[in-house]
Amino acid sequence: MSPPAPVPARAGIGLRAPHHRDVLERRPDVGWFEAHSENYFADGGSAVATLLRVREHWPVALHGVGLALGSADPIDREHLRRLERLIARVEPWAVSEHVCWGFAGGRHTNDLLPMPRTQESLRHLAARVREWQDALGRQVLLENVSSYLEFREAEFTEAGYLAALVAESGCALLLDVNNVYVNARNHGFDPETYLDELPAHAIREIHLAGHEVTQIAGCEMRIDTHDRLICDEVWQLYAGARRRFGAVPTLIEWDAALPALDVLVEEARRADAIA
Amino acid sequence: MLTRTLILTAALGSLLSLGTAAAADDKGDMEKCYGVAEAGKNDCHSANHGCAGMAKTDKDPADWVKVPKGTCEKMGGKLTAPTAM
Amino acid sequence: MPLRELQQRFIASLYDESTEIEGEICADGGIGAADRIAIYRNNLRAGFGKALALEFPVIAALCGADFFAILAREFQRAHPSASGDLHHIGGPFPPYLRQRFGTGEYAYFADVAELEWAREEAARAADAVALDVRTIGTTGVDAIPALKFRLAPSVRLVASRWPVLTIWEAHQGPGEVREVDLGAGPEQVLVRRSPAGLVLERITVADLAFLATLESGGTLGAAFDTALVADPAFGVAAMLRRCVVRGLFAAAQR
């Protein structure tokens, strides 16, 4: 296999099983692919084989959704081992996870739960990230998550928490612009100020996705559904991010109600057209 | 016992006569096989039908569906299984 | 509040065991803490139910969406996800259904679920190099009955008192689900991986006995004997040929 190719500073799309055949047969003109690591944890079979074939033609990023580094309980060693083995096989240009927690007392939510933004949780998360980076021998990217609640006890703004995490752990950031916008609306802050507060040098990847607007108790709530086109406000915020952070490899994420591959390719083109 | 050994020896002999070509029988369409990947179960989005604060407004669903009401209605015939395995 | 305690309380509230966490959550902008937690609770249920339905699509169809949602929630309570990888949740589901439905009208659900889980395991099992028959070509006549074969890691065997494969097949394809006579008798199924995908194959009771003996580490002679008990006319040569041609035997591990 070719060595981890430098990723082009253009848009990629998420690799999802229903598109596997189309991707390999039609070789869409996109910069790279991102795969959800846990979907390729099997000992054998066709999923990993397909990912390795995709890897022959494009740079691939591995995006974890299940490590839940911010959980106070010990991290699942078997999960780490499988991830390490996958990284060794795929040689991804980026390895990422989320700024979140996900389990306690042996019960996993398989969701990306928001961190209480305290000094205590920051120290805990940063130590976990450092440990993981040391084990892998590489820098990892941590992504901001969307959320529907915040904990009262907060010693940082959300962007300030990310900046402190970068400073304490030496990790890089995966900036999900849609999540910034969703949280800005859900929790009432200015998304442009949020971007200003981030350490620009640490941002190595950007995510874009569609979300749903719903009503709860008569109030608006934005839900991060990844099941539709990216909305205009998020495209605008993305333009702002590009002005600040330059040409960062950008990913179109689509998980539910998956459309034809062409729709994703078209969204990737739109991202590339924004300078 | 002698007969058993003879039968097994003959069976193994016929296997060897297959050679290596036989084992490859099943692999003819290797090039077309990448479309069969099972859907991955791990994603990072929120369930869109799970978001409407249902817990407060819904009564316990157990109140309104007590038995399977899907295609099991098409599974007919004797409902007590035959005992022989 | 310490991180560990906060997380434990949050999980407890997702499972409706306590509401102690609510005081720790901002409730600005008109939406209360309970409503905000309910979003995560619904995500937890819907995400689990969706993954379970992907692993057990025939059970989901047999139940219908409403009942399956309830069944998934009950099962989740008894067997919450124990891993950051959702592929693991289905393992305890067949035994759970066996206990849940007992010997009643829906007793066959557990067997159908076993078949679906066997597919899931077969799809994800380790790859293996198929046995090259030349490597056993020099076996002395006396040693032949003592030969052992390692089944490929992706091979699974399922036996049921019901026509489980017929039920499974009735649910495939785009059309209406076909009617099935549950009294049609037992079925034995071989689940295997071929380059073109997963294959489910009906096999005889003797075939099953033969393969199950080899699977549990028994010798060729013992497998032949158990097969003969099930069917005195069992053709071992044809069976061995099928096994090799279909790649059911894996090369010995070094």
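Within every chain, numbering begins at 1; the chains are lettered A, B, ... in the order of the sequence lines, protein sequences first and strands thereafter. In what follows, every heavy atom counts, from backbone to side chain, and hydrogens, waters and symmetry copies are set aside.
Both the backbone and the side chain of C/Ala82 come within less than 4.5 Å of a heavy atom of chain A. Looking at A/Phe41, both its backbone and its side chain come within 4.5 Å of chain C, counting heavy atoms on both sides. Interface residue C/Ile37: backbone and side-chain heavy atoms are both found under 4.5 Å from chain A. Contacts between A/Glu120 and chain C at a heavy-atom distance below 4.5 Å involve the side chain alone, from C-beta outward. For A/Thr118, no part lies near chain C; criterion is any non-hydrogen pair under 4.5 Å. With a threshold of 4.5 angstrom between heavy atoms, A/Glu78 does not approach chain C through any atom at all. Heavy-atom distances place no part of A/Ser37 under 4.5 Å from chain C, backbone and side chain included. Using a 4.5 Å cut-off between heavy atoms, A/His36 does not touch chain C at all.
Separating the CZ atom in C/Arg77 from the CZ atom in A/Arg107 is a distance of 9.0 Å, to the nearest 0.5 Å. The line from CZ of A/Arg123 to CG of C/Leu3 is 10.5 Å long, rounded to the nearest 0.5 Å. Put simply, CG on C/Asn42 and OH on A/Tyr148 are 12.0 Å apart, with the number rounded to the nearest 0.5 Å. C/Ile21 CD1 to A/Phe151 CZ: the interatomic distance, rounded to the nearest 0.5 Å, is 5.5 Å. A distance of 9.5 Å separates NE2 in C/His87 from OH in A/Tyr40, rounded to the nearest 0.5 Å. Put simply, CG on A/Leu113 and CD on C/Gln7 are 8.0 Å apart, with the number rounded to the nearest 0.5 Å.
No other option in C/Ala27, C/Ala125, C/Gly30 has as many heavy-atom pairs under 4.5 Å with chain A as C/Ala125. Contacts with chain C were tallied for A/Leu67, A/Asn186, A/Asp76, A/Thr109; A/Thr109 has the most, counting heavy-atom pairs under 4.5 Å. Listed options A/Ser71, A/Ala217, A/Ser147, A/Ala68 were ranked by heavy-atom pairs under 4.5 angstrom with chain C; first place goes to A/Ser71. Ranked by heavy-atom pairs shorter than 4.5 Å toward chain A, the options C/Leu86, C/Leu44, C/Leu14 are led by C/Leu86. Ranked by non-hydrogen atom pairs under 4.5 Å with chain C, the options A/Gly66, A/Gly105, A/Gly218, A/Ala72 are led by A/Ala72.
Counting non-hydrogen atoms of other residues, nucleotides and ligands closer than 6.0 Å to CD of A/Gln119 gives a total above 12. Annotation for C/Glu17: atom CD counts as buried by contact number, over 12 foreign heavy atoms lying within 6.0 Å.
When all heavy atoms are compared, the tightest approach of A/Met221 to C/Ile39 is CE-CD1, 3.7 Å. For the pair A/Asn110 and C/Ser81, the tightest heavy-atom approach, listed with the atom from each and the gap, is OD1-OG, 2.7 Å. When all heavy atoms of A/Gly45 and C/Asp127 are compared, the pair lying nearest together is N-OD1, 3.0 Å.
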One pair to check against side-chain contact (heavy atoms from CB on, under 4.5 Å): A/Asp111 and C/Phe48. What are the steps and the verdict?
CA-CA 10 Å; A/Asp111 197 355; C/Phe48 188 92; over 6 Å; no
For A/Glu38 and C/Arg124: C-alpha separation, side-chain torsions, deciding distance, then whether salt bridge (charged side-chain N to carboxylate O under 4.0 Å, His left out) applies.
CA-CA 12 Å; A/Glu38 285 78 2; C/Arg124 303 173 53 76; over 6 Å; no
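A 4.5 Å side-chain heavy-atom check between A/Asp73 and C/Arg4 finds at least one atom pair inside the cut-off. In this structure, the side chains of C/Phe10 and A/Pro114 stay at 4.5 Å or more apart for every pair of heavy atoms.
Panel note: side chain A/Glu153, backbone C/Met1; a donor-acceptor pair is recorded below 3.5 Å.
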